[in-house]
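Chain naming here is simple, since letters A, B, ... match the order of the sequence lines and numbering starts at 1 in each.
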There are 2 protein chains.
Amino acid sequence: MNFSKTTEYALRILSFMVIDEKRLYTAKDIFESLNIPFRYLRKLLIILSKSELIDSIQGKNGGYRISKNLNDISLMDIVRAVGEDPISNHCFFGFDNCAFEKKCAMHEKWDSVRKTITTVLSNTTLDEIKASGPHSFISNNSVLIKNV
Amino acid sequence: MNFSKTTEYALRILSFMVIDEKRLYTAKDIFESLNIPFRYLRKLLIILSKSELIDSIQGKNGGYRISKNLNDISLMDIVRAVGEDPISNHCFFGFDNCAFEKKCAMHEKWDSVRKTITTVLSNTTLDEIKASGPHSFISNNSVLIKNV
DNA sequence: CATTAATGATACCTTTAGGTGTTATTTAAA
DNA sequence: TTTAAATAACACCTAAAGGTATCATTAATG
Ligand code: SF4
Ligand code: SF4
């Protein structure tokens with residue numbers, strides 16, 4: 001009942017790149033500011049670039065850059081880009097084949113939870129993340145890394 | 001962003017046993033009505049009985065029975081009994097050490113999602129599950145099993 | 001008191017998510 | 001045109017969740 005590490009990483013990466021959305025970031029740049037194992041980060045960057053959320057520039061002086069307007073990238077887009085389908089289970093109990101002629105006590109309640117999460121993720125775009133501040137959380141975390 | 005299989009199984013087990021809360025169910029009884037691999041189900045029943053949500057009676061004619069009043073067992077209790085801590089990550093991005101002198105755009109939003117889920121799980125008790133019907137979802141699912 | 005039908009304990013197997021290592025390719029620039 | 005600095009591809013390793021197998025223990029009952 002949490003996002004996978006992979007999804008969290010993807011969300012961190014884009015939220016970090018948003019600090020300067022026109023800048024070309026190398027994997028090394030991102031590694032130095034976020035708490036993500038380097039080679040795994042590399043792998044994720046390839047996935048994200050294939051998903052069209054970021055462009056990749058190969059060769060010397062290459063790197064990655066956000067490829068769309070910030071208000072065209074929602075958190076849902078990011079979550080989906082790495083293959084997670086948030087709250088994919090329609091049924092609270094995980095049943096695939098509930099007939100629900102009579103819905104159980106959890107049906108409506110859980111449906112409402114799912115809608116809430118879906119709405120938050122879909123309605124929050126990267127421009128809102130960017131606007132929300134100096135990203136103290138990221139610099140704090142990078143200090144932790146440098147101490148390791 | 002879903003419950004683990006284990007948690008779903010636990011929720012199904014208790015929601016099934018609630019149909020007759022005074023009855024002693026054998027693992028076989030439960031297996032025949034729920035879509036849970038038999039040996040894994042056995043393992044979970046042992047965990048649940050250690051967690052005091054159900055009593056186990058050993059020996060011939062033994063089995064399991066709900067051990068408390070239905071309104072004293074919340075869905076949260078069940079989730080916790082199998083070791084899952086729903087939405088344990090306080091931070092949307094999974095950071096352990098965010099200073100948040102200035103909170104990011106997701107902080108309040110995610111906090112609210114977490115509270116919603118926690119509240120639903122804590123406030124729904126087994127008596128409400130019991131009251132919610134003839135459990136058509138379970139019998140439907142057991143038909144599926146019998147066809148396999 | 002042996003049998004039988006149930007749970008308990010423990011160890012092992014399988015699949016998947018997360019993470020690492022190595023080599024190939026691309027491209028700017030000396 | 002060679003070198004260096006970047007990404008791309010692919011294979012492999014590790015840890016955790018999910019699932020299986022075997023044997024031990026308990027207790028009712030003929
Ligand atoms: S009615 Fe209950 S069991 Fe059926 S799909 Fe809805 S939540 Fe699941
Ligand atoms: S402010 Fe943002 S980054 Fe910091 S703990 Fe809250 S959600 Fe996480």
Side-chain angles (χ1 to χ4, degrees), chain A residues 1-13 17 23-32 34-67 79 81-86 88-89 94 145 148, chain B residues 1-13 17 23-32 34-67 79 81-86 88-89 94 145 148:
Chain A
M1 190 83 271
N2 282 308
F3 290 115
S4 66
K5 282 276 181 199
T6 301
T7 297
E8 283 178 359
Y9 291 163
L11 291 164
R12 290 182 198 179
I13 291 167
M17 293 177 75
R23 176 178 158 195
L24 202 62
Y25 293 91
T26 66
K28 192 152 170 273
D29 291 334
I30 299 170
F31 170 72
E32 283 168 351
L34 293 175
N35 196 3
I36 303 172
F38 184 67
R39 289 162 204 282
Y40 200 61
L41 168 65
R42 294 279 315 283
K43 194 184 272 190
L44 289 182
L45 286 168
I46 292 169
I47 291 170
L48 289 170
S49 67
K50 283 184 177 153
S51 79
E52 313 275 297
L53 294 181
I54 60 179
D55 286 326
S56 93
I57 314 291
Q58 290 194 49
K60 191 166 180 176
N61 299 336
Y64 302 90
R65 174 167 37 215
I66 289 180
S67 69
V79 171
V82 291
E84 185 153 346
D85 188 3
S88 53
N89 287 180
I145 292 171
V148 169
Chain B
M1 191 83 269
N2 283 309
F3 291 115
S4 66
K5 282 278 181 197
T6 301
T7 297
E8 283 178 358
Y9 291 163
L11 291 164
R12 291 182 198 180
I13 291 167
M17 293 177 75
R23 176 178 158 193
L24 203 61
Y25 293 90
T26 66
K28 191 152 170 274
D29 291 333
I30 298 170
F31 169 71
E32 284 168 352
L34 292 174
N35 198 4
I36 303 172
F38 184 68
R39 288 160 205 281
Y40 200 61
L41 169 65
R42 294 279 313 284
K43 193 185 273 187
L44 289 181
L45 286 167
I46 293 170
I47 291 170
L48 289 171
S49 67
K50 283 184 176 152
S51 79
E52 313 273 299
L53 295 181
I54 60 179
D55 285 328
S56 91
I57 314 292
Q58 290 193 50
K60 192 168 179 175
N61 300 338
Y64 302 91
R65 175 168 35 218
I66 289 179
S67 69
V79 171
V82 291
E84 184 154 346
D85 188 4
S88 53
N89 287 180
I145 292 169
V148 171

Contact class for A:Phe38 vs. all strands (heavy atom < 4.0 Å): base, sugar-phosphate, or nothing?
nothing
With side chain to side chain contact (heavy atoms under 4.5 Å, CB included) as the test, would you mind laying out the steps for B:Tyr40 and B:Thr6 before giving the verdict?
CA-CA 9 Å; B:Tyr40 200 61; B:Thr6 301; 2.8 Å; yes
Proximal nucleotide (of C:dG21, C:dG19, D:dG18) relative to the A:Tyr40 side chain
C:dG19
Counting only side-chain heavy atoms from C-beta out, which of D:dA9, D:dT29, C:dT20 sits nearest to A:Pro37?
C:dT20
To the nearest angstrom, how far is B:Ile46 atom CD1 from D:dT26 atom C1'?
13 Å
Ranking C:dT20, C:dG8, D:dA9 by distance to the side chain of B:Ser49, first place goes to C:dG8
When all nucleic acid strands are considered with a 4.0 Å heavy-atom cut-off, which category describes A:Lys43: base, sugar-phosphate, or nothing?
base
Output field dot_bracket for DNA chain D (Watson-Crick or G-U, both distances under 3.5 Å, | for other-strand pairs) contains ||||||||||||||||||||||||||||||
With a non-hydrogen cut-off below 4.0 angstrom, is A:Leu45 in contact with a base, only sugar-phosphate, or nothing?
nothing
Nearest-nucleotide pick for A:Tyr64, side chain only, options being D:dT20, D:dT7, D:dA4
D:dT7
Test item: B:Ser67 side-chain N/O and B:Leu53 main-chain N/O as donor-acceptor pair under 3.5 Å
yes
Presence of A:Thr26 side-chain N/O under 4.0 Å of D:dA6 phosphate oxygens OP1/OP2:
no
Whole-Å distance, B:Arg42 CZ to D:dA21 C1', equals 12 Å
